[in-house]
Protein chains: 2
Amino acid sequence: MIEYSSQPHYLVAVDCIVFGFDGETLKLLLVKRSLEPEINKWSLIGGFVGAEESTDDAAIKVLKKNTGLDGIYLEQFKVYGKPDRDPIERTLSVAYFALIDIKKYSQQLNADYHAEWFPINERPELIFDHNTMVADARKRLRYKAALHPILFELLPKKFTLPQLQTLFEAVNDMKIDTGNFNRKMNSTGLLVKLDEKDKSSSKKGAYYFKLNHKKYRSDFHLVFNLLPNLSLDL
Amino acid sequence: MIEYSSQPHYLVAVDCIVFGFDGETLKLLLVKRSLEPEINKWSLIGGFVGAEESTDDAAIKVLKKNTGLDGIYLEQFKVYGKPDRDPIERTLSVAYFALIDIKKYSQQLNADYHAEWFPINERPELIFDHNTMVADARKRLRYKAALHPILFELLPKKFTLPQLQTLFEAVNDMKIDTGNFNRKMNSTGLLVKLDEKDKSSSKKGAYYFKLNHKKYRSDFHLVFNLLPNLSLDL
DNA sequence: CCAAAAGTGTTACCTTTACACCCATGC
DNA sequence: GCATGGGTGTAAAGGTAACACTTTTGG
């Protein structure tokens, strides 16, 4: 029987940075940690990787358990592998960021899992290196969102251009010129204008759009320039 | 004593996709695997992560051991975490891509470690999922190289514009217009023209340039547009 | 009618692309 | 002097940014 002699073995966890958008601010889904150490402190949604599952599977499972949702946009972005990042025992964490339509998130589960949305700039202190993870995830989200139409994952099926613009402004902490933004978005071919208007935030009303899913899938990998004065900072 | 009960533990390895450039083609540094299973088959440079080192440390160590080089450009890009990717025992692999100036690589070590450069398109079959890793690393390199001036890491201190262009063409499998390429590169402010010329490949000779390291460091994170018809495909 | 938000138009400017052209020199 | 690779010039087309302007409608 071949074996890798006496190499050390470690625990492996996944942690998910779950972004949501309520129409105004970018939010983060956090849970109260249910095990020692640091029990009852705020933490990212995470869990250990089981023997029969891939890290991707583990992340999907953890998200399903905490939000009840399937088919969430999920992207592995970094491994945190410092020997002492968990004080109890060496644990590597594979970090994923997730984008979910906050409206799909059933509020009921909130109570079950002690999960809660926080505006990203008003979040509590997190355990271990989770604060760093959030900062890294945010940079990565900005980076990716400037080049790929990823932010649609955060919006409901029907959305308006002003909503979309607010989302881009929230993610990137910047003001964007409406005229240029609309032209740019319309020119991507990703938007399908609906007849219906959203009158909740103005008298004139803003047309609803939906995503052209076929084009979204086919063009997803292309590099767009969705931001003015593109200068990211990853 | 707090502990994480009976969660499973796994081996953790790092694997490095090491790119080099000889002035003509993009190359990959491979080694003959020295342990069972698949002993003597070609493999990426890798090793297990020791108890006292981070994954980054482990990657640096593995590279140092196999190339004798310090200060290599190294970037973690993905974790491979399928349960059965190693047939002997579950092992997660943290993949890094590395860029080295092939001229700095001391040929002598080649013999010591059975490492060898292969043109990227004429490489042998690799063990496990290493073929996938190479494909992924190459995509990632293209992506990053289109937006950040990362390819200078592959060049010697002095280089010419035609060399730089050949490198971009090799990485991206495309022909690039010389005039436009030169103008774009010169406009970045990253190049310092030297008085000396390289006459090895033409009668007229091509001016040597060196990298403006200060500008390289300060502007590294900015998003350039270093390729024509930018349309990547990560 | 007016305020306020949605959305369009206009223009100056810059970048990109394609390609023609000039330059230097060893043979 | 001419072939060869190095390097510059140019003009058309397209994209970007700034901002003025029009539209709609509830109060």
Side-chain angles (χ1 to χ4, degrees), chain A residues 23-24 145-147 149 155 158-170 172 174-210 219 222-232, chain B residues 23-24 145-147 149 155 158-170 172 174-210 219 222-232:
Chain A
E24 291 247 328
L147 304 170
L155 291 170
K158 289 189 307 184
F159 54 86
T160 65
L161 281 173
Q163 277 167 26
L164 189 59
Q165 183 178 345
T166 305
L167 172 55
F168 269 83
E169 292 181 337
N172 294 287
M174 69 190 294
K175 272 276 158 213
I176 299 175
D177 179 275
T178 307
N180 298 332
F181 183 81
N182 289 357
R183 196 168 331 105
K184 197 170 271 189
M185 287 300 155
N186 282 318
S187 76
T188 62
L190 290 168
L191 301 183
V192 180
K193 193 175 194 167
L194 304 178
D195 285 333
E196 193 184 352
K197 276 190 166 187
D198 166 31
K199 295 218 170 190
S200 67
S201 63
S202 79
K203 292 149 192 170
K204 182 176 177 182
Y207 278 106
Y208 277 117
F209 289 79
K210 63 173 184 172
D219 290 6
L222 299 183
V223 174
F224 290 84
N225 179 4
L226 299 169
L227 279 186
N229 298 313
L230 184 55
S231 89
L232 301 166
Chain B
E24 292 247 330
L147 304 170
L155 291 170
K158 289 188 307 185
F159 54 86
T160 65
L161 281 173
Q163 277 167 26
L164 188 58
Q165 183 179 343
T166 305
L167 173 54
F168 270 83
E169 292 181 338
N172 295 287
M174 69 189 294
K175 272 278 158 209
I176 299 175
D177 179 276
T178 308
N180 297 330
F181 182 81
N182 289 355
R183 196 169 326 105
K184 197 170 269 188
M185 286 301 153
N186 283 318
S187 76
T188 63
L190 290 169
L191 300 184
V192 181
K193 193 175 194 166
L194 303 179
D195 286 333
E196 196 184 352
K197 275 189 167 185
D198 167 31
K199 295 219 171 189
S200 67
S201 62
S202 80
K203 292 147 192 168
K204 181 175 179 183
Y207 278 107
Y208 277 117
F209 289 79
K210 63 172 185 174
D219 289 5
L222 300 183
V223 174
F224 291 83
N225 178 4
L226 299 170
L227 278 187
N229 299 312
L230 185 54
S231 88
L232 301 165

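What you see is a predicted model, and the numbers here were worked out from it, not measured in a lab. In what follows, chains are A, B, ... by sequence order, proteins preceding strands, each numbered from 1.
- A cation-pi contact, defined as under 6.0 Å to the ring centre and within 45° of the axis, is absent between A/Lys193 and A/Phe209.
- Residues B/Thr160 and A/Thr178 each lie close to DNA chain D; by heavy-atom proximity, the contact nearer the 5' end of the strand is made by B/Thr160.
- Looking at which nucleotide of DNA chain C each of A/Ser201 and A/Gly179 is closest to, the 5′-most match is held by A/Ser201.
- Going from atom CZ of B/Phe224 over to atom P of C/dT16 covers 12 Å, rounded to whole Å.
- The backbone N or O of A/Met174 sits nowhere less than 3.5 Å from a side-chain atom of A/Asn172 that would complete a donor-acceptor pair.
- Rounded to whole angstrom, the span from the CG atom of A/Asp177 across to the C1' atom of C/dT11 amounts to 14 Å.
- Residues A/Lys199 and A/Lys203 share a closest heavy-atom pair of NZ-O, 3.7 Å.
- Heavy-atom minimum distance, A/Thr160 versus A/Ala206: CG2-O, 3.7 Å.
- Qualifying side chain to side chain donor-acceptor pair (under 3.5 Å) partners for A/Lys158, counting only residues two or more places apart in sequence or in other chains: A/Glu196.
- When all heavy atoms of A/Leu161 and A/Phe181 are compared, the closest pair comes out as O-CE2, 4.1 Å.
- The shortest distance between side-chain heavy atoms of A/Asn225 and A/Lys184 falls below 4.5 Å.
- Judged by distance alone, with hydrogens and angles left aside, the side-chain atoms of A/Asp177 form a donor-acceptor pair with the main-chain N or O of A/Gly179 at under 3.5 Å.
- Comparing D/dA17, C/dT16, D/dG6 by their closest approach to the side chain of A/Lys184 singles out D/dA17.
- Per the geometry, CD1 belonging to B/Ile176 stands 14 Å off C1' belonging to C/dT16, to the nearest Å.
- Take B/Ser201 and apply the side chain to side chain donor-acceptor pair (under 3.5 Å) test, not counting sequence neighbours, and it matches no residue.
- Residue A/Met185 comes nearest to A/Leu191 through the heavy atom pair CB-CD1, 3.9 Å, listed as atom of the first residue, atom of the second, then distance.
- Atom NZ in A/Lys203 sits roughly 12 Å away from atom P in C/dA6 (whole-Å rounding).
- Protein atom CZ of B/Phe181 is 13 Å distant from nucleotide atom P of C/dT16, rounded to whole Å.
- Taking only side-chain nitrogens and oxygens, A/Lys199 comes nearer than 4.0 Å to OP1 or OP2 of D/dG26.
- Residues satisfying the side chain to side chain donor-acceptor pair (under 3.5 Å) criterion with A/Asn186, sequence neighbours excluded, are absent altogether.
- If you check D/dA17, C/dG7, C/dA18 against the side chain of A/Pro228, the one that comes closest is D/dA17.
- Recorded end-axis angle for the helix from C/dC1-D/dG27 to C/dC27-D/dG1 stands at 20°, based on five pairs per end and rounded to 10 degrees.
- No N or O donor and acceptor, one from the side chain of B/Lys204 and one from the base of C/dA24, sit under 3.5 Å apart.
- The stretch residues 191-198 of chain B has no heavy atom under 4.0 Å from DNA chain D, so no residue of it qualifies as close.
- For A/Lys175 and D/dA17, the NZ to C1' distance is 17 Å, given to the nearest whole Å.
- When rounded to the nearest whole Å, the span between CG of B/Asn182 and P of C/dC21 equals 19 Å.
- A straight line from OH of B/Tyr207 to P of C/dC23 spans 14 Å, rounded to a whole angstrom.
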At a cut-off of 3.5 Å, list every protein nitrogen or oxygen paired with a nitrogen or oxygen from nucleotides 10-15 of chain D, distance to 0.1 Å.
residue, atom, partner, partner atom, Å
D/dT10, O4, B/Arg183, NH2, 3.1

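- Using a 4.5 Å heavy-atom cutoff, the side chains of B/Phe224 and B/Leu147 are not in contact.
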